[in-house]
Structures are given as structure tokens and as C-alpha cells.
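Following: one structure in C-alpha cells, then a few remarks.
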Amino acid sequence: MSRSSSVMPTTRLVHALAITGLAAVLLAGCSSTARTGGNQAAGVSSAQPSSPVHSTEPESGTGIQNNGAGQPAANPNAAVDEQPSTVFYEIFVRSFYDSDGDGIGDLQGITEKLDYLNDGDPGTHEDLGVGGIWLMPVNPSPSYHGYDVTDYRSINPDYGTLEDMQTLIKEAHKRGIKVIMDLVVNHTSKAHPWFVDSARNLGSQYRSWYIWAEDQNRPVSGTSAAGSGSPWHALRGSHYMGTFWEGMPDLNFDNPEVRREMKSIGTYWLEQGVDGFRLDAAKHIYEDLLSDKSTATTAKNVAWWQEFRTAMNGVNPQAYIVGEVWENSAVSVGAYLDQAFNSGFNFGLAETLVHSAQTEKDSGAAFTLERTYKLYSQLSGGAFTDAIFLTNHDQNRVMSQLENQPDHAAMAAAMLLTLPGNPFIYYGEEIGLLGVKPDEGIREPMKWTPDGLDTGQTSWEPGSNNAANPGADVESQQKRMGSLLVRYRELIQLREEVPALRDGDIRDYPSGNGGIMAYERITARQQVLVIHNLTGSAQTMQLHSGTGGIIYAGILRTVGGKAALGSGGLTLPAYTTVILE
């Protein structure tokens with residue numbers, strides 16, 4: 001059977017994929033005049049009201065202002081689409097912390113370092129304060145990275161045992177940390193017993209679990225949708241599909257036995273206490289070839305993930321599922337938010353934030369997000385949370401992209417950690433680790449001390465990118481005022497203390513200054529204005545009324561320098577973030 005044969009999508013999914021015209025309206029770009037001019041929010045679609053509902057009884061400390069006429073600044077016909085969130089920390093286990101002296105990071109090592117991530121005591125400020133961790137693959141694999149699995153129900157012996165995993169989960173939960181794990185189901189390892197048997201025996205029960213060209217009367221032609229050239233690989237007189245690499249044979253999800261097994265595997269890990277999954281290569285379940293790219297293929301992918309989500313709900317309806325759909329198209333990502341994923345990683349936003357930090361210019365992130373979230377809300381029925389990040393394990397590290405400029409890295413962090421959604425921090429980002437491809441170079445050991453003599457320092461990779469990167473270690477930055485690590489801690493703490501920053505919707509707020517990025521964050525009970533001076537010199541901006549006629553009259557917090565608010569406007573020192581109420 002051809003991979004293009006279709007599983008019938010749901011009615012909602014068909015509707016979701018048919019609203020490209022609406023998406024074009026919502027996501028249309030704006031002129032520079034709209035970004036920088038006037039006292040009115042730029043270009044909100046008439047079909048979607050721009051003002052949120054506000055309580056007429058602000059909670060203590062929220063700083064919601066009246067509109068000057070003695071009336072609460074609220075629009076009773078408007079809606080706030082809140083995104084309750086927490087900060088996640090992505091960990092490559094092999095590189096993080098070594099508990100047994102073999103030079104390879106392991107699960108016990110992460111358990112030992114949980115207090116670095118969050119000690120569970122909100123009264124202390126020596127920890128990062130994250131609320132979740134994402135473990136890159138922990139299953140057995142012949143590769144250092146683990147993205148070709150040989151046993152889905154076991155732990156890589158380099159990393160420990162199932163008991164170690166259970167202990168990590170238990171200790172993380174004690175500190176209020178959720179644990180999600182990479183789930184790699186698009187393909188297995190070539191060394192997986194299923195594939196070995198499939199290749200050796202034409203009558204194997206696992207033969208149809210993989211995609212053999214000769215069995216399905218498919219031509220051995222085409223180009224991989226993952227960009228790896230031909231997806232076909234010869235073995236024993238036949239050709240199997242391996243979209244990413246010959247060592248990663250694709251599973252055949254047209255086979256109901258494969259789907260059943262993958263749902264069983266997901267259920268197994270939720271029963272072990274895992275809080276959810278990061279789904280690798282989520283759009284490639286059926287999108288194998290460049291010629292597969294279509295709304296029909298997307299519908300088929302989404303239908304499978306809806307099936308998976310339904311199965312997971314049977315164990316834990318609150319399980320957090322975030323998918324890797326590497327697209328800059330909001331329509332493409334949004335389709336998966338319809339009863340499949342809680343979140344899809346926002347790759348387009350990541351590029352925008354790094355570019356803004358690098359160029360010291362507002363690139364319109366808030367304007368785009370406001371419209372993107374209207375689309376996502378419609379596609380998901382209001383049940384989505386964005387997954388935002390700067391870089392991950394597949395990209396050159398943010399500090400390398402920013403040419404090792406700490407001020408730019410600090411502003412990238414400030415933007416990330418004051419925007420809606422679940423921010424994901426890639427391990428070592430908070431201390432300014434450098435890293436450029438090949439992939440080993442962006443997954444180098446976490447640095448704990450300047451001399452590398454910490455007993456848990458991993459050494460599986462020499463760490464050449466950071467060999468001459470003084471100060472990029474935890475010990476050096478732990479208590480140094482102004483360090484990048486301290487800035488990350490301060491921003492995460494601020495996010496937790498201000499509900500609108502943690503959970504709020506977003507509205508664009510034109511600043512009139514190309515070096516300043518500004519946006520409102522809004523919950524039903526709190527509204528604040530976030531202003532970033534992205535530049536290396538002091539900047540001034542004039543304030544105007546915000547959503548619902550709100551007048552921002554006071555400084556709630558500053559991060560960086562000391563800002564001043566007066567009749568002449570708001571003056572921000574270089575590389576400073578201000579929260580107004």
C-alpha cells in the first residue's frame with residue numbers, strides 16, 4: 001500500500017486545514033508605520049476583539065490602572081486567551097552530570113543536580129527555578145545521541161536503570177519539576193530486533209512494520225522530505241525507507257499493529273510517572289518524500305497523533321505533549337494543536353528573537369504572535385500553549401550565533417522569558433556555552449567549574465568549542481552580579497512572581513522606537529507592559545494608552561539598569577527590561 005493512502009481525518013481537522021485564508025489575514029505582515037507609529041494598537045483583525053476582560057477588583061499587587069475617568073479599563077466583549085506555563089530545561093543526559101566517574105552523564109547525575117534546577121523552596125534564589133525538564137533520548141541505542149532506539153521499554157545502560165529513572169522522577173516531583181522524555185517513534189534503530197528480523201525473514205511478523213519498496217510495489221526513487229537525499233537503502237536484495245539515515249529505518253504507521261505498539265509504549269512510560277513527551281520528527285510519520293508535502297499528508301499525520309493523544313488520556317489526561325514540527329508556517333504547526341499536541345515548538349519565533357538580539361532591533365515578534373495565537377486558539381478550541389525557545393540540540397548554540405556577546409544573550413533571554421508559552425532553555429544556555437555543528441559540537445559537556453575538576457564533569461566529548469571560553473561555567477557565574485546565569489535566575493523568578501508574565505495573553509504595543517520591543521501581557525486579572533531596550537545606548541519612548549484604555553503609570557520591576565518614568569516618557573538604560581503596571 002502506498003504511504004499516500006489516507007486515514008480519514010476528523011471533521012475538525014478538515015476544517016482546520018481549510019482556513020488558510022483566515023491564517024493569511026491574521027498573519028499578514030505590517031508596515032513600518034504600523035510598527036512604530038501612533039497611540040493605537042496596530043492592525044488587529046476586526047473579526048477578533050483586541051481588548052481583554054479584566055476584573056473590576058484587581059488582585060493585590062497586579063497594578064491594573066483605571067482609565068482616568070474612574071472606570072475600570074476593560075472591554076466586556078473581549079477575551080483573554082491565557083496560556084498557563086512553566087519554564088522547561090532541555091537536558092542531553094550524556095553531557096550533563098556524571099555520577100559514577102565514567103565520563104558519561106547519567107540519570108543519577110541529573111538527580112544530584114536537581115537543586116541546581118529547582119530546589120523546591122521558593123524562598124531561595126540560588127536555583128534556576130525551572131518547572132520542568134525534557135530528557136533527550138534515554139532508551140538504549142547504538143548511537144551517542146540516542147535517536148535510533150533499540151528497546152523502547154528500557155533505559156540506556158550508559159545512563160542507568162529503570163529504577164534510576166523512577167528515582168529521578170520521584171525527586172523531581174518533590175521539587176515541583178515535571179519530567180518529559182523524548183519519544184522517537186518515526187523510526188527505530190537498524191539494530192532494533194524488529195528490523196533485524198524484518199530484514200532477515202520475508203515472512204517475519206515485523207516485515208510489514210517497516211516500509212520495503214518491493215513489498216509495497218513502490219519505486220525506489222524520490223527525495224527525502226528530511227533533506228537527506230534518497231530515503232531508500234538497499235539491504236539483502238530489497239530497499240527499505242530511512243528518511244533521515246540508513247541507520248534509522250522508518251516504521252510503517254499504515255500498519256495498525258505499529259500504531260497499537262507505539263500507543264502501548266507511550267502508556268508504559270506514563271505509568272512509570274513520566275509527565276509527557278517531546279515527539280521527535282512528528283511531521284514525518286507520513287511525510288517521507290518531498291512529494292508527500294500536502295494538506296492531505298498533514299491530515300494523516302495529525303489523525304495519528306490524535307489517536308495517540310486519546311490513548312495517553314486514558315492514563316493521564318494532563319500529560320504534556322509537545323511536538324517537533326520544524327516549520328515556520330503557523331498553519332502547518334497549528335493543525336497539530338487540534339486534540340493532538342498541547343504545544344508545537346515555535347521555530348519561527350526562535351529565529352526572530354535571536355535576530356532581534358543580534359541586530360538590536362525590534363523585528364515585530366509581538367505583532368506576529370498576537371495574530372498567530374488567534375489562529376491557534378481557533379484551531380485548538382483555546383486549548384494550546386506555545387513552546388518557545390532560542391536554540392536546541394539541532395542548532396548552533398545561541399551564544400555562538402550572537403558571536404559571544406553577553407549583552408545580546410541577556411536580551412535574548414529577557415525576550416524569551418517574558419513572552420507567552422512554555423519557554424525551553426537548552427542546557428548550558430544559561431551560562432553562555434558556545435557550540436557550532438557538527439552535532440557533537442552543540443552537545444558538549446555542561447561546565448560546572450572553571451578547571452573542569454568537578455567530580456561529576458562529563459568528558460565523553462572534548463568540548464573544543466568551549467576550551468577557550470573563560471567564565472562559561474556554573475561556579476564562576478553562581479554569585480557574580482550581572483552574570484548570565486544570575487540574569488536567567490532573575491528573569492525566571494520574575495516570571496513566576498508576575499502572573500501576567502507567566503500565564504498571560506499578548507498584545508502588541510507599538511513603541512515608536514526601532515531599538516525598543518514592547519508588548520502587553522494580560523490575564524483576566526492583571527495587565528502589564530513589557531519594554532526591552534535592545535540597544536547598547538539609553539533610549540526614550542513615549543507611553544500611550546494600552547489595551548482597554550489602560551494607562552501604565554508605575555514601574556513594577558527592572559532587569560538590567562535603572563529606568564526612569566516621568567513626563568518626558570520612559571528612559572531605559574542600555575540592554576534593560578522594564579515591566580510597567
Side-chain angles (χ1 to χ4, degrees), residues 81-91 116-118 127-136 176-180 275-276 278 320-324 333 341-357 365-366 368-370 372-373 376 384-395 397-399 401-402 408-433 484-506 517 519 521 523 528 530 532 557 559 577 579:
D81 196 352
E82 297 182 9
Q83 297 183 49
S85 73
T86 193
V87 178
F88 279 82
Y89 189 88
E90 178 187 359
I91 298 177
Y116 167 77
L117 300 172
N118 189 335
D127 56 328
L128 267 179
V130 304
I133 56 176
W134 154 22
L135 302 177
M136 288 172 61
I177 302 172
K178 293 182 180 298
V179 180
I180 67 173
D275 297 291
R278 179 264 185 185
Y320 178 56
I321 297 180
V322 54
E324 180 199 31
V333 176
F341 303 162
N342 301 94
S343 305
F345 284 109
N346 197 329
F347 285 89
L349 177 64
E351 292 178 9
T352 297
L353 297 183
V354 174
H355 180 73
S356 287
T368 301
L369 285 177
E370 184 178 342
T372 299
Y373 294 161
Y376 286 178
F384 81 96
T385 301
D386 204 2
I388 62 177
F389 66 104
L390 296 175
T391 61
N392 65 22
H393 63 278
D394 286 324
Q395 300 163 306
R397 281 188 174 271
V398 62
M399 187 59 99
Q401 292 190 42
L402 296 176
H408 288 171
M411 293 314 298
M415 289 183 281
L416 175 73
L417 292 166
T418 54
L419 286 171
N422 290 329
F424 281 75
I425 298 168
Y426 185 38
Y427 81 96
E429 177 183 300
E430 76 278 15
I431 57 172
L433 283 189
L484 189 59
L485 175 58
V486 170
R487 178 66 58 89
Y488 266 84
R489 287 174 175 167
E490 184 178 5
L491 287 164
I492 294 171
Q493 181 185 346
L494 175 62
R495 186 180 181 91
E496 287 300 305
E497 291 175 350
V498 180
L501 291 183
R502 184 185 64 239
D503 302 331
D505 203 350
I506 190 169
M517 178 184 287
Y519 42 86
R521 297 293 313 282
T523 65
V528 299
V530 181
H532 304 287
R557 288 283 292 274
V559 181
T577 295
I579 313 298

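Reckoned from all heavy atoms, side chains included, excluding hydrogens, waters and symmetry mates.
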So, does Ser343 use its side chain to make a donor-acceptor pair with the main chain of Val322 at under 3.5 Å?
no
Which value, rounded to the nearest 0.5 Å, describes the distance between Leu353 atom CG and Asn346 atom CG?
8.5 Å
Verify the distance criterion only: is there a donor paired with an acceptor across the side chains of Thr418 and His532 at less than 3.5 Å?
yes
Any non-hydrogen side-chain atom of Val398 less than 4.5 Å from a side-chain atom of Thr391?
yes
Exam field: side chain Ser85 to backbone Arg502, donor-acceptor pair closer than 3.5 Å
yes
Please check if the side chain of Arg487 supplies one atom and the backbone of Glu430 the other of a donor-acceptor pair under 3.5 Å.
no
Indicate whether the side chain of Glu370 and that of Tyr519 have a donor and an acceptor atom separated by less than 3.5 Å.
no
Applying side chain to side chain donor-acceptor pair (under 3.5 Å), name anything that partners Gln395, two or more places apart in sequence or on another chain.
none
Please check if the side chain of Gln83 supplies one atom and the backbone of Asp386 the other of a donor-acceptor pair under 3.5 Å.
yes
May I ask you to decide whether Glu497 forms a salt bridge with Arg557, counting only side-chain N to carboxylate O separations under 4.0 Å?
yes
Closest non-hydrogen atom pair, Gly504 against Thr523
CA-CG2, 3.6 Å
For Leu501, does its backbone N or O pair with a side-chain atom of Arg521 as donor and acceptor, under 3.5 Å?
yes
Flag the pair Tyr426 / Phe389 as yes when their ring centroid distance falls below 6.0 Å, and as no otherwise.
no
For Arg489 versus Asp127, what's the shortest heavy-atom pair and its separation?
CG-O, 3.5 Å
For the backbone of Val130 and the side chain of Asn118, can you confirm whether one donor and one acceptor N or O come within less than 3.5 Å of each other?
yes
Quick check against the 3.5 Å criterion: does Asn422 have a side-chain atom that pairs as donor or acceptor with the backbone of Thr86?
yes
Verdict with reasoning, Glu324 to Arg278, per salt bridge (charged side-chain N to carboxylate O under 4.0 Å, His left out):
CA-CA 7 Å; Glu324 180 199 31; Arg278 179 264 185 185; 3.4 Å; yes
Which residues pass the side chain to side chain donor-acceptor pair (under 3.5 Å) test with Asp503, not counting sequence neighbours?
none
Is there a side-chain contact between Gln401 and Leu390 (heavy atoms, below 4.5 Å)?
no
Partners meeting salt bridge (Lys or Arg N to Asp or Glu O under 4.0 Å) with Glu496 (sequence neighbours left out):
none
